[in-house]
Amino acid sequence: MKMRILGGVLPLFVFIWVLQNKHGNCERPDVVNVGAVFAFDSVMGRAAKKAMELAVSDINGDPNILNGTSLNLIMEDSYCSVFKGSIGALQVIEKQVVAVIGPQSSAIAHMISFISNGLHVPLISYAATDPTLSSLQFPYFLRTTQSDQSQMEAVADIVYFYEWKEVIAIFLDDDYGRNGIAALNDALANKMSKISYKLPLPINYDITDIMYVLNQSKSLGPRVFVVHINPDSQLRFFNAVHKLKMNGSNYVWLMTDWFSTTLDSFSPKNRSFLSTLEGVISLRPYIPQTARKRDFLARWRKLQQNELVHSGLTAYGLYAYDTVWVVAHSIDNLLQQGGNISFSLSNVLNGTTSDKLQLGKLKEFDGGGLLMNILSLTNFTGLSGKIHFSQDRNLIGSGYEVINIAKQEIHTVGYWSNFSGLSVLPPKSLQNKETAATRLNQNLKSVTWPGGKSETPRGWVIAYDERPLRIGFPRRASFTEFVTLNASHNVQGYCIDLFYEARKLVPYDIPFRFVPFGTGLTNPDYDAFVNMVATDVFDAAVGDIAIVTNRTRMVDFTQPYVSTGLVIVAPIDTSESSAWVFLKPFTLEMWGVTALSFLIIAVVIWILEHRVNEDFRGPPKRQITTMFLFSFSTLFKTNQENTVSTLGRMVMVVWLFLLLVITSSYTASLTSILTVQQLASPITGIDSLIASNSFIGYQVGSFAYSYLKDILNIAPSRLKSLRSPEEFEAALRQGSGNGGVMAIVDELPYMELFLQNRTDFGIIGRPFTKSGWGFAFKKDSPLANDMSTAILKLAESGKLQEIHEKWFCQLGCPTDRRKDSVPDQLHLSSFWGLYLLSGSVTVLALLIFLLKSIRQYIRYKRNHTDLSSPSNTRCSHVIFSFFDFIDEKEEAIKRIFAQQDSAQAQTNGS
């Protein structure tokens with residue numbers, strides 16, 4: 001029975017095993033095709049081609065991967081052409097590949113990504129770094145190299161580390177170049193820097209194109225160049241730099257990783273060309289040193305020795321090698337998960353025919369979506385380090401090396417990663433540290449700059465001998481002491497001398513030439529003058545340029561070298577002062593309190609000194625005279641009486657201090673009033689001038705006109721332009737009713753100069769605006785800061801005042817004869833603190849005196865009063881008796897107390 005059952009079941013098991021074996025053969029194909037599209041004969045392609053061939057050989061020879069399935073790599077040359085690269089991609093996809101590796105060109109990657117999307121074939125690039133190749137637009141695109149977004153942040157950190165504010169970008173005019181520089185622009189903006197000029201190169205550029213672009217850059221100010229082009233085995237870019245002699249110490253050359261890739265592609269024996277690259281800084285993808293990497297490098301060098309490979313191993317060669325392994329592992333995972341390698345006709349291409357391309361034969365990869373998901377979840381350690389991807393399917397890179405060419409050697413001067421920034425330590429050693437902490441300690445090793453200099457270049461030049469700085473100056477017709485063009489056609493004046501002195505303190509040479517603005521027949525319009533700087537007609541403007549709001553929107557000004565503002569000048573009255581002018585410094589309240597204080601001090605000092613000081617005793621008439629003469633004589637320090645008591649001296653110290661402050665303040669106020677009374681005018685300030693409806697004069701070219709018209713809303717019909725000091729004087733003498741003006745509104749320095757030899761006019765009130773004069777430069781010009789520093793140094797050293805005295809003090813410096821509309825009187829509120837202090841000390845002294853006297857009186861009365869007599873206990877009697885007591889000399893009272901003590905001692909002894 002058992003044998004029958006066994007005989008029936010055994011065939012069934014054999015049948016099931018056969019079915020499983022057939023099913024297994026369907027799941028595991030003998031060969032899996034993978035495409036590769038890249039430029040074979042290029043710096044990246046030469047290394048990548050051999051690296052991928054080695055990877056395929058290693059994979060097919062490894063029994064632990066693909067489990068007997070062979071990987072077949074089908075390569076097509078893109079010839080560095082978008083068109084040919086697209087054709088090559090279609091040709092490999094037609095051969096039913098499960099994935100396409102490449103291309104190295106971002107522009108070609110954009111095109112092929114559309115094909116990959118349509119046919120669901122993953123596209124894995126080891127070199128397309130354009131940051132706009134996003135997973136949202138291209139869900140079947142993946143890259144095993146770092147995006148240029150990271151690289152440009154590294155460049156921005158270097159610019160920020162050396163405190164450069166502007167750079168010039170030279171780039172390839174394609175998707176790779178434009179989008180990389182756009183990322184750099186954003187990164188620099190976050191560091192408060194910017195790309196001042198963008199200079200594109202044609203895709204198929206030659207040395208003539210490079211020299212044209214470099215010649216353009218010579219006339220620009222920045223000297224920090226960021227170059228973002230494709231690797232070039234001929235290094236044509238630096239051949240042009242060398243020919244144009246742009247490798248001097250003023251220049252900074254920052255290369256993206258195209259440069260390091262080019263250098264790594266050369267044979268280590270051929271390094272003589274490095275002498276022309278002195279001082280260049282470049283980024284190189286950071287790849288940690290591992291045993292596997294060292295073994296592979298040894299293997300590569302052996303191939304070079306056998307002339308089986310004609311390129312050095314670059315970082316992108318390692319990326320290409322690892323990319324093949326990533327694809328192989330993903331295919332292996334796909335097969336292990338039960339996925340099939342199958343293709344079906346695409347609905348997108350239905351009805352499309354072509355004899356040569358046979359587009360209708362193109363098929364979709366059915367497992368493309370699953371394979372793409374497996375690829376994006378890769379967690380693999382290859383020759384280039386750990387390979388895993390972010391959510392947007394960009395490689396989470398390990399950062400960059402910062403390399404520097406010095407003495408024909410390539411030196412690593414630091415590293416950059418997105419979590420540590422710039423550091424002298426490799427990123428791997430910093431991964432366990434706090435990001436915020438490491439970001440605070442940005443550092444690089446010493447760098448050798450072009451020309452062999454170790455000092456960091458400024459990164460910009462203002463001008464050079466072939467193109468000196470164009471400095472405009474106003475050709476004035478009046479007040480030529482400030483700036484003018486003399487008969488010898490030399491520029492001179494206060495502002496010019498100041499500019500020359502400030503220029504000496506700027507720590508670099510400034511080639512320049514002066515350019516006049518205006519005819520010299522009338523003063524120029526200063527708003528138009530400043531606008532010439534903003535519109536690049538002038539590089540800078542020097543002269544008596546007022547710093548006002550609308551001008552600061554157009555240009556940058558230096559530190560003001562003159563404080564100024566608008567003032568009113570009008571005729572003054574020189575009539576004699578009032579006979580009672582000496583009463584004006586104090587208010588009536590102040591006079592009353594001061595007089596009362598003298599009386600109180602007289603009484604208090606008499607009380608404190610009467611018992612101990614012979615000068616304060618005698619007949620009542622004499623005492624009253626002494627008392628008040630002493631008090632008032634303290635004002636003139638002529639008192640002949642001296643205080644004897646301690647309490648009296650304490651009161652006098654505080655009183656004399658109060659008197660010192662009051663007399664000093666009175667003297668200053670009276671002096672001001674006597675001066676101001678000479679400047680009597682019907683105009684008391686800007687408000688009364690506006691309300692007068694009279695004509696107002698202003699200087700041609702001054703901003704006073706726009707201020708009066710636009711800010712103070714004075715009708716233009718009331719404003720009269722005047723061209724010279726002579727016209728100022730004539731208009732003021734004529735007056736508003738006779739064709740002249742009631743007052744002139746202009747800047748303080750002009751008016752001081754105008755009043756220097758004219759005593760019939762004066763400045764009314766204080767300046768009603770606050771501003772200054774400065775030199776104007778283009779927006780963000782670094783020279784503005786350096787000139788500001790120089791002006792401050794001139795002010796601190798006294799040189800600024802020397803220049804002022806040279807031009808304006810030959811006949812005596814102009815004085816400020818200003819007038820307050822109402823003279824400032826001294827009020828009690830300004831001195832109440834002093835009065836409170838003096839009063840408190842006086843009251844305290846009186847209290848101490850009274851307590852001491854009462855104590856002596858009680859002791860005296862105990863021995864001399866008959867308490868049985870009713871009259872002795874009356875209040876009036878006690879008060880009069882107390883006054884009689886304190887009228888006695890204290891010395892006599894002390895003798896009485898001494899006698900009493902002696903008598904008491906004798907009584908106790910008996």
Side-chain angles (χ1 to χ4, degrees), residues 42-44 46-48 51 104 126-129 143-159 161 176 180 184 226-233 235 237-238 252-268 271 273-274 277-290 293-294 296-297 300 311-322 382-387 395-406 408-418 420-430 443-445 447-448:
S42 64
V43 173
M44 288 185 183
R46 284 189 288 270
Q104 65 203 38
Y126 59 86
T129 56
R143 61 175 143 224
T144 54
T145 185
Q146 300 179 80
S147 166
D148 274 341
Q149 183 68 45
S150 296
Q151 182 169 207
M152 295 310 172
E153 287 177 2
V155 173
D157 275 351
I158 293 174
V159 172
F161 177 76
Y176 158 76
L184 174 62
V226 177
V227 184
H228 187 53
I229 57 178
N230 284 330
D232 178 14
S233 58
L235 288 174
F237 187 87
F238 280 98
V252 176
W253 297 103
L254 298 180
M255 306 290 117
T256 54
D257 62 3
W258 71 269
F259 181 76
S260 59
T261 301
T262 302
L263 297 184
D264 291 341
S265 70
F266 293 138
S267 169
R271 293 297 174 96
F273 64 91
L274 290 177
L277 306 176
E278 183 85 3
V280 175
I281 291 180
S282 177
L283 294 175
R284 172 197 276 160
Y286 172 67
I287 297 176
Q289 291 293 337
T290 61
K293 179 185 173 184
R294 285 191 289 270
F296 190 81
L297 284 171
W300 191 273
S311 171
L313 182 61
T314 67
Y316 288 98
L318 296 174
Y319 288 146
Y321 180 90
D322 286 345
L383 296 179
S384 61
K386 192 173 183 62
I387 298 175
L395 178 71
I396 300 176
S398 55
Y400 293 89
E401 288 181 68
V402 183
I403 64 172
N404 175 225
I405 310 301
Q408 299 189 35
E409 295 288 339
I410 301 174
H411 301 276
T412 298
V413 295
Y415 302 87
W416 181 92
S417 68
N418 57 3
S420 66
L422 296 172
S423 172
V424 295
L425 298 176
K428 189 175 181 181
S429 65
L430 294 171
N443 197 15
L444 290 175
K445 296 178 184 177
V447 169
T448 298

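The model shown is predicted, which means the values in this text are computed figures rather than measured ones.
Of all non-hydrogen atoms in Trp258 and Ile229, the two that sit nearest each other are CB-O, 3.0 Å. Closest heavy-atom contact between Ser233 and Phe266: O-CZ, 3.2 Å. Listed here is the closest heavy atom pair of Gly180 and Met152: O-CG, 3.2 Å. The heavy-atom pair separating Ala320 from Ala48 by the smallest distance is CB-CB, 3.8 Å. Smallest separation of non-hydrogen atoms from Leu425 and Ser423: N-OG, 3.0 Å. In terms of heavy atoms, Leu318 sits closest to Ser384 at CB-CB, 4.4 Å.
Side-chain contact between Leu283 and Leu254 is absent, with no heavy-atom pair separated by less than 4.5 Å. At a threshold of 4.5 Å between non-hydrogen side-chain atoms, the residues Tyr126 and Asp322 do not count as touching. Counting heavy atoms from C-beta on, the side chains of Thr290 and Arg294 never come closer than 4.5 Å. Counting heavy atoms from C-beta on, the side chains of Trp416 and Ser150 come closer than 4.5 Å. Side-chain contact between Ile410 and Ile405 is present, with heavy atoms from C-beta onward closer than 4.5 Å. Looking at heavy atoms from C-beta onward, Gln146 lies in side-chain contact with Tyr319 at the 4.5 angstrom threshold.
With hydrogens and angles disregarded, no donor-acceptor distance shorter than 3.5 Å links the side chain of Lys445 to the backbone of His411. Side-chain atoms of Ser265 do not come within 3.5 Å of backbone N or O of Met44 as any donor-acceptor pair. In terms of modelled atom types and a separation under 3.5 Å, the side chain of Thr412 and the main chain of Gly414 share no donor-acceptor contact. Counting only distance, with no hydrogens or angles, the side chain of Arg143 and the backbone of Ala128 share a donor-acceptor pair below 3.5 Å.
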Exercise. Show your reasoning for whether side-chain contact (heavy atoms from CB on, under 4.5 Å) applies to Val43 and Asn230.
Key: CA-CA 9 Å; Val43 173; Asn230 284 330; over 6 Å; no

Quiz item: Where do Ser42 and Gln104 land on the side-chain contact (heavy atoms from CB on, under 4.5 Å) test, with the steps shown first?
Solution: CA-CA 10 Å; Ser42 64; Gln104 65 203 38; 2.7 Å; yes

Quiz item: side-chain contact (heavy atoms from CB on, under 4.5 Å) between Leu444 and Val402: does it pass, once the steps are laid out?
Solution: CA-CA 9 Å; Leu444 290 175; Val402 183; 4.3 Å; yes

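Phe238 and Trp253 have perpendicular rings, their planes meeting at more than 60° on a 0 to 90° scale where under 30° would count as parallel. Taking the six-membered ring where tryptophan is involved, the planes of Tyr321 and Phe296 are tilted, since the angle between them lies from 30° to 60°.
With sequence neighbours left out, Ser260 forms a side-chain contact (heavy atoms from CB on, under 4.5 Å) with Asp257, Ser282, Arg284, Pro285, Ile403. Partners of Tyr415 under the ring-ring contact (aromatic ring centres under 6.0 Å, His included) rule, at least two apart in sequence or in another chain, are Tyr286. Considering only residues two or more places apart in sequence or on other chains, Asn404 meets the side-chain contact (heavy atoms from CB on, under 4.5 Å) condition with Ile281, Ala406, Val413, Val447, Thr448.
Asp148 and Thr129 share a donor-acceptor pair across their side chains, judged by distance under 3.5 Å alone. For the 3.5 Å distance criterion, the side chains of Ser417 and Ser420 qualify, holding a donor opposite an acceptor.
For the side-chain contact (heavy atoms from CB on, under 4.5 Å) with Phe259, the qualifying choice from Asp264, Leu277, Val227 is Leu277, the only one to do so.
Atoms OG1 and CD, from Thr256 and Gln151 in turn, are 5.0 Å apart once rounded to the nearest 0.5 Å. The distance from the OH atom of Tyr400 to the CD1 atom of Ile287 is 11.0 Å, given to the nearest 0.5 Å.
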